Amino acid sequence: MSTRRPILLACLAVFGLMAGQQMLNPILPPLAREFGFGELALGTVWAVGGAGVVLASPFWGRRGASWGHRPVLLISLLGALAGLLAFAIIAQVGLTGVLAVPLLFTLVLLSRGVVFGLAWAATPVTAQSYVADMTSGTAERVRGMSMIGAAQGLALAVGPALGGVLSLAGLLVPIYAAPVVLGVIAVVVWRGLPRPPAGRARPATVRISPLDRRMWPFLTVGFGLYLALAIVLMTVGFLVQDRLHLGTQETGRVTSLVLLACAGMVILVQVLAVPRLGWAPVRLIRVGTVVMAAGMVVVAFASSEILLDAGVAVLGAGMGFGTPGFMSAPTLLATREEQGAVAGLVGSSSALAFMGGPLLGTGLYEIAPTVPYLLGTALLAALAGFAFVHTGIRQAPVAAAVPSSEDQLVG
C-alpha cells in the first residue's frame, strides 16, 4: 500500500495545529494592547506555550511509538481545540473590560499558553516519527521531512492570511474560527488515517540524551534557525505597526501579508526546490543558514513594506532549505527504536527556541526596534560558520540517494 496518503494525513494534522496557531498571530499584538498588556507580557504567553512544548515533546515522542501515532495525533488536535476555544471565550470577556488585567493575563496564560502548548507539542514530533517509520533511505527521508516542512509553511501562509481577512469582521472572529479548523481536521484524520494492523509489533522506545554526539550538532542548528525565525515572527506585528505607523486593523492586514511572504517561500522551496535539487541534509543546512542570514539583514534595516516583505521572504527561503536538513539528518543516524526519541528531541529544540524567542525578541524590541534583528543576524552568521566547520555536521550522509522509480511514482 502506498505510504503517500497516510503521510499526507499526518502532514494535515501538522497543518491544522500550525494554521490554528498562526491565525491568531497577526491579531495578538493589537489584541494584547486592547487587553492592556505590554510587549513583554505577550512574549511571556508565547514563552510559556513554548515551555510546554519543550517539556512535553520527549514524552509525546515516546508515546507515539508506544501508543501508536494515530491516537496521539487525535489527542493533540482535540487538546489544542479545547485550549483555543477557552482562549476565545476569555478574549471575548476580556474585551468587555470586566476582568482585571492581572486576572485576564493569568487566564490567557493558562488557555493559550499552558493548555494549547502541551497539546500542540504532540503533533509535530508524532508526525516526524511517523514519517521516519514509513520511509527509508536518504532521498525518501528528506522528501518526507520536506512534506512536513511544507505543511508548516502552508500553515504559515494560510493561517495569518485567513486570520487577517477574518479580523476585518472583528478581532474575535479568527479567534473562534481557529478551533473550528482544528475540529474539522481532527475529524478528517480520525476517519482517514489508517489504524495499524492488529498485532503489529511496536518497537521498544528508548531515551536519547540531547548531548548524544550524533544528535547535538543538528539540535543546535535547529534551535538556532527556529530562534532566529521566532524573533521575527513574534515581533513583526509590533515592527509593522511602529515602523510603518499603522492603526490596529491595518497592522493585522499588513502583518498577514508579511507572514505570507515568509510562508510562501518556505512552501516554494520545500515543494519545488528541495525534491528536485536532491541535496543531502548537510548541504541543505549550510545553504539555509546563509540565506536566512541575508534575509535577517534586510529585515533589520527595511524602511518600507516592500523591503520588509522581501527580507522576510528571503528568511523563509532559508528556512525552507534548512528545515528538512536538520530534521532528516538525525533520523538517518538513529535506529528504528530511537526514532520516537529523536523526534522528541527535535521538537524540544524548536520549541525551546519558540520559548526563548518571544521573550528575547520582545525584550530587545523594547530597547530599540532594530536590536532583535541585529542579534538574529549575528546568530545566523555564527550558525553558518558552525555548519561549515564542525565535524559533527559532516557525520550525516553527504549525498542523497537517487530515488527509485517506485519512489518517484509514489512521490
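This is a predicted model, so every value here is computed, not measured.
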Below 4.5 Å, heavy atoms only, C-beta onward: do Tyr130 and Val72 meet side chain to side chain?
-> no
Residues two or more places apart in sequence or in another chain: which of them pass side-chain hydrogen bond (donor to acceptor under 3.5 Å, both in side chains) with Gln270?
-> none
Could you note down all residue pairs passing side-chain hydrogen bond (donor to acceptor under 3.5 Å, both in side chains) where residues 181-193 supplies at least one of them, sequence neighbours left out?
-> none
Which residues pass the salt bridge (Lys or Arg N to Asp or Glu O under 4.0 Å) test with Asp212, sequence neighbours left out?
-> Arg214
Applying side chain to side chain contact (heavy atoms under 4.5 Å, CB included), name anything that partners Ile75, two or more places apart in sequence or on another chain.
-> Trp60, Trp67
Kindly write out the residues that satisfy side chain to side chain contact (heavy atoms under 4.5 Å, CB included) with Pro372, not counting sequence neighbours, or none if the list is empty.
-> Ile231, Leu364, Tyr365
Who are the ring pair (Phe, Tyr, Trp, His ring centres under 6.0 Å) partners of Phe105, not counting sequence neighbours?
-> Phe37
Name all residues meeting the side-chain hydrogen bond (donor to acceptor under 3.5 Å, both in side chains) criterion together with Glu366; count only those two or more places apart in sequence or in a different chain, and write none if there are none.
-> none
Would you please name every residue forming a ring pair (Phe, Tyr, Trp, His ring centres under 6.0 Å) with Phe321, sequence neighbours left out?
-> Trp279
Which residues satisfy the side-chain hydrogen bond (donor to acceptor under 3.5 Å, both in side chains) test with Ser76, sequence neighbours excluded?
-> Thr123
Hits for side-chain hydrogen bond (donor to acceptor under 3.5 Å, both in side chains) against Tyr373, two or more places apart or cross-chain, chain-then-number order -> Thr235
Anything under 3.5 Å between a donor and an acceptor, one on a side chain of residues 80-96, the other on a protein residue two or more places apart or in another chain? List them.
unit_1, atom_1, unit_2, atom_2, d
Gln92, OE1, Tyr176, OH, 2.5
Thr96, OG1, Val93, O, 2.4

Taking only residues at least two apart or on different chains, which pairs with a member in residues 101-119 satisfy side-chain hydrogen bond (donor to acceptor under 3.5 Å, both in side chains)?
-> none
